[in-house]
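First comes the structure, then the notes that go with it.
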Amino acid sequence: MNLADHAGVRLTHGKPKVNGVEIHYAIGGAGEPVFLLHGVPKTMSYWRHVVPLLTPHYTVIAVDNRGFGGSQRPLTGYDTATMAGDVAELATHLGFDQFRVAGEDWGAAIAYAVAAFHRPRVQQLVFQETLLPGLPAGEHDPSLAADDGRTGWHFSFFSLPNLPELLLAGRERPFWTYYARRQMWDPSALAEEDIDEMVHSAEQPGGTRAILEMYRARQTDAEQNRPHYADPISCPVLAVGAQAYLGDEVSKQLAQVARDVRGAVIPASGHNIALENPAALAQAYLDFFAGG
């Protein structure tokens, strides 16, 4: 799926080897750099509606995380500290000493690690629609259905050794379509081309394994992050939740590990805000980046 800027010009793509792995990125726009990091089971195309709203003001770099999309799928390195190193080295490769970083879902956990492990380099952080490994979360809502992602059922399932690979093989399209739409306020916002992109990524050799290894590294993430939780990051943080999903729980949690946190709850959206309400999301980013 092609990403384009505000003028409809296709972004420029590259795939350098950084931090020992080939990372696919797309870049466009002008101004100071903003890195966009997607979650699971997505690719950089998740940002397709947001990119053209940002490129009039910033140089936007959309990244396929290690193990996803057009990036390499190595056997190891799916802890967020290592994946943050991918982003930091990609920024160096592109000539950016300092930058902004925005992540959603697992991409937010990676973005936090970029801001925590590479503190002098991150000007601002957008942390969207996830909770950090190893931090206490709010009380479980007993009214949630058993298959609601907020119960965390998928963390247990995906962390099992070997079994998820067996059960998901050949069923990638129905499973990931259900998984993504189940978390959305407007399931129709996940178009067939979005599903095609997710499934194509998951079906590549090592695609499902890469997804699952992120969940299996969650305890490692918590242990690696713990010293940084005790020393809150000082860069400004925009903590973004969806009205129909995590809401203000995101900002409540980030307030535990960052000194300067602003919260935003995006209306008329579930977990996949960039697909469901991209205009409101992009405006929240632009207001935050401008200091508004």
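For reference, positions follow the sequence shown, starting with 1. Given the structure is predicted, the values throughout are model-derived calculations rather than measurements. Values below: all heavy atoms of this structure, side chains included; hydrogens, waters and symmetry mates excluded.
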Task: Working for side-chain contact (heavy atoms from CB on, under 4.5 Å), residues F127 and V261 - done: CA-CA 10 Å; F127 185 94; V261 179; over 6 Å; no
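- Using the six-membered ring where Trp is involved, Y179 and W153 have ring planes that are perpendicular, over 60° apart on the 30 and 60° scheme.
- A distance-only check finds a donor-acceptor pair linking the side chain of H38 to the backbone of N65 [under 3.5 Å].
- Judged as a ring pair (Phe, Tyr, Trp, His ring centres under 6.0 Å), the pairs with a partner in residues 233-253 (not counting sequence neighbours) are, in order, Y245-H271.
- By the 6.0 Å and 45° rule, R100 stacks over the aromatic ring of F289.
- With respect to E249 and K252, a salt bridge is recorded, a charged nitrogen being found less than 4.0 Å from a carboxylate O.
- Judged by distance alone, the side chain of E89 and the main-chain N or O of N19 form a donor-acceptor pair under 3.5 Å.
- Across all non-hydrogen atoms, the minimal contact from G31 to T59 is O-OG1, 2.8 Å.
- Q183 and Y178 are not linked by any side-chain donor-acceptor pair at a separation below 3.5 angstrom, with hydrogens and angles left out of the test.
- The two residues P33 and I61 come nearest to each other via the heavy atoms CB-CD1, 3.8 Å.
- Atom NZ of K15 sits in a crowded spot, with more than 12 heavy atoms from other residues, nucleotides or ligands closer than 6.0 Å.
- Contact detail for P205 and R73: the closest heavy-atom pair is O-CD, 3.3 Å.
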Task: Worked verdict on L275 versus H49 for side-chain contact (heavy atoms from CB on, under 4.5 Å) - done: CA-CA 7 Å; L275 299 177; H49 302 306; 4.0 Å; yes
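- Hydrophobic clustering, with ILVMFWY side chains joined whenever heavy atoms are under 4.5 angstrom apart, keeps V265 apart from L254.
- Here the rule is ring pair (Phe, Tyr, Trp, His ring centres under 6.0 Å) with Y112, and of W106, Y229, F117 only Y229 fits it.
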Task: Working for salt bridge (Lys or Arg N to Asp or Glu O under 4.0 Å), residues R218 and D79 - done: CA-CA 7 Å; R218 188 170 172 82; D79 59 284; over 6 Å; no
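- Under the 4.5 Å side-chain heavy-atom criterion for grouping Ile, Leu, Val, Met, Phe, Trp and Tyr, Y215 is connected to L166 within one hydrophobic cluster.
- The shortest non-hydrogen separation linking S251 to G263 is CB-CA, 3.9 Å.
- Ionic pairing of R259 and D231 is present here: one or more N-O contacts between side-chain nitrogen and carboxylate oxygen are shorter than 4.0 angstrom.
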Task: Test side-chain contact (heavy atoms from CB on, under 4.5 Å) applied to Q124 and L238, step by step - done: CA-CA 8 Å; Q124 292 175 304; L238 179 66; over 6 Å; no
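- For the pair K42 and E197, the salt-bridge criterion is not met [side-chain N within less than 4.0 Å of a carboxylate O].
- R182 has a carboxylate O that lies under 4.0 Å from a charged side-chain N of D147, or vice versa, which qualifies the two as a salt bridge.
- Every ring-ring contact (aromatic ring centres under 6.0 Å, His included) that H24 has, sequence neighbours left out, goes to H13.
- The pair D186-R181 fails the salt-bridge criterion, with no side-chain N (NZ, NE, NH1 or NH2) lying under 4.0 Å from an Asp/Glu carboxylate O.
- Donor-acceptor pairing under 3.5 Å is lacking for the side chains of R66 and T82.
- If you look at Y58 and F35, their ring centroids are not closer than 6.0 Å.
- Side-chain atoms of D105 and T130 include no donor-acceptor pair closer than 3.5 Å.
- For the side chain to side chain donor-acceptor pair (under 3.5 Å) condition, the pairs that include at least one residue of residues 164-177, sequence neighbours left out, are E165-R216, R173-E192, R173-D196.
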